[in-house]
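Written out below as structure tokens is the structure these notes cover.
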Number of protein chains: 2
Amino acid sequence: MVSHQGDSGSLDRLFHALADTTRRDILRRCVHGDLSVSQLAAAYPMSFAAVQKHVTVLERAGLVSKRRHGREQLVLTEPEAVARARQALDDLDTLWRGRVARMSGLLAQEPQHPRTNPGTHEHRPKEGPER
Amino acid sequence: MVSHQGDSGSLDRLFHALADTTRRDILRRCVHGDLSVSQLAAAYPMSFAAVQKHVTVLERAGLVSKRRHGREQLVLTEPEAVARARQALDDLDTLWRGRVARMSGLLAQEPQHPRTNPGTHEHRPKEGPER
DNA sequence: CTAGCGTACAACCAAATGGTTTCACATCAA
DNA sequence: TTGATGTGAAACCATTTGGTTGTACGCTAG
């Protein structure tokens, strides 16, 4: 497997869309698909246009679709896009697991290159400076 | 159990760090943890400082850690952070699945309350200049 | 010790982001 | 028809991002 993802730009858009609290909240609210953009907008302390932009970002990432209902647009989250994002993370994890398996497999025949095995690595050496 | 993640800002940082092809590639290269920042930088068509900034973004998101080896800094990806991101996606998916189950189960006795009060939903509306 | 490498950080710049207000256009209700 | 409502898109602004170059500093090699 390790499906090497085709389009990196689409993944960029996907993760970028997920990288905002408001947008993730919109996704959560729209699993039912019965909220219009304006109903959605009423739930947030920002303008209608701002929420509309968030929805547009989600739409271009494939994370939601819109369905007309009269003059309203009902927003519906697309679980397949979420699955695509998860697949990318799974690929990373698989890579990591592969590394572990390979390490334990080669441990016998790779007799300790002086500083190859870090052993216990400490967690979070320090907090990076504010940028 | 749908662990409602505590810090939204940390998830923002996580997904933002993942939303760049170069950074995802760095993550892939650093599963083995034996590459220094300058070795890493040699692999990309940009300056050392640019790669260093990418590493900093990954570090602040918790996706990599650095380990000093002499005068070099070896970069190591942290699979636990990847798991955190995946957990967030799983929560979304669970929500979606729950919706399907609930719909087929409760369709008879839940006659569509038109609009749930927007104000009562906890949303954590981005306190302060967090962005 | 001195030279050089690897790293960190600052200053700077163009472009993108996230927000605002405003205007235009459909569509529904009366 | 008239008017209110829902949506979309533009212009604009402040801040962030992603890149550059330059400089300072720690560590290792000779």
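Within every chain, numbering begins at 1; the chains are lettered A, B, ... in the order of the sequence lines, protein sequences first and strands thereafter.
DNA chain C is contacted by both A/H16 and B/E72; B/E72 maps to the nucleotide lying nearer its 5′ end (nearest heavy atom per residue).
Backbone-only engagement by A/R68 is indicated by non-hydrogen atom pairs under 4.0 Å involving sugar-phosphate atoms exclusively. Counting non-hydrogen atoms under 4.0 angstrom, A/T56 reaches nothing in the nucleic acid. Backbone-only contact: A/S38 has heavy atoms under 4.0 Å from sugar-phosphate atoms and none from a base.
Contact check, B/S47 against D/dG19: no side-chain N or O comes under 4.0 Å of OP1 or OP2. Side-chain nitrogen and oxygen atoms of A/Q73 include at least one within less than 4.0 Å of the OP1 or OP2 phosphate oxygen of D/dG8. Contact check, A/K66 against D/dG8: a side-chain N or O comes under 4.0 Å of OP1 or OP2.
Remark: B/R24 does not engage B/D20 in a salt bridge, criterion side-chain N to carboxylate O under 4.0 Å. With respect to A/R86 and A/D90, no salt bridge is recorded, no charged nitrogen being found less than 4.0 Å from a carboxylate O.
Residue B/K53 contributes atom NZ, which lies 11 Å from atom P of C/dA10 at whole-angstrom precision. As a whole-Å value, the separation of A/H54 NE2 from C/dG18 C1' is 6 Å. Atom-to-atom, CZ of A/F48 to C1' of D/dA10 comes out at 14 Å; the value is rounded to the nearest Å. Remark: P of D/dC27 and CG of B/L74 are 15 Å apart, rounded to the nearest angstrom. Summarising the geometry, the separation between NE2 on A/H69 and P on D/dG6 is reported as 13 Å, rounded to the nearest angstrom. One atom, CZ of A/R71, and another, P of C/dT27, lie 11 Å apart when rounded to the nearest Å. To the nearest angstrom, P of D/dT17 lies 16 Å from CE of B/M46. To the nearest angstrom, C1' of D/dT23 lies 13 Å from CD of B/Q52.
At distances below 3.5 Å, at least one donor-acceptor pair connects side-chain atoms of B/R23 with backbone N or O atoms of B/A17.
Atoms NE2 and CD, from A/H54 and A/E59 in turn, are 14.5 Å apart once rounded to the nearest 0.5 Å.
Remark: A/R29 is positioned above the aromatic ring of A/Y44, its terminal NZ or CZ atom under 6.0 angstrom from the ring centre and at most 45 degrees off the axis.
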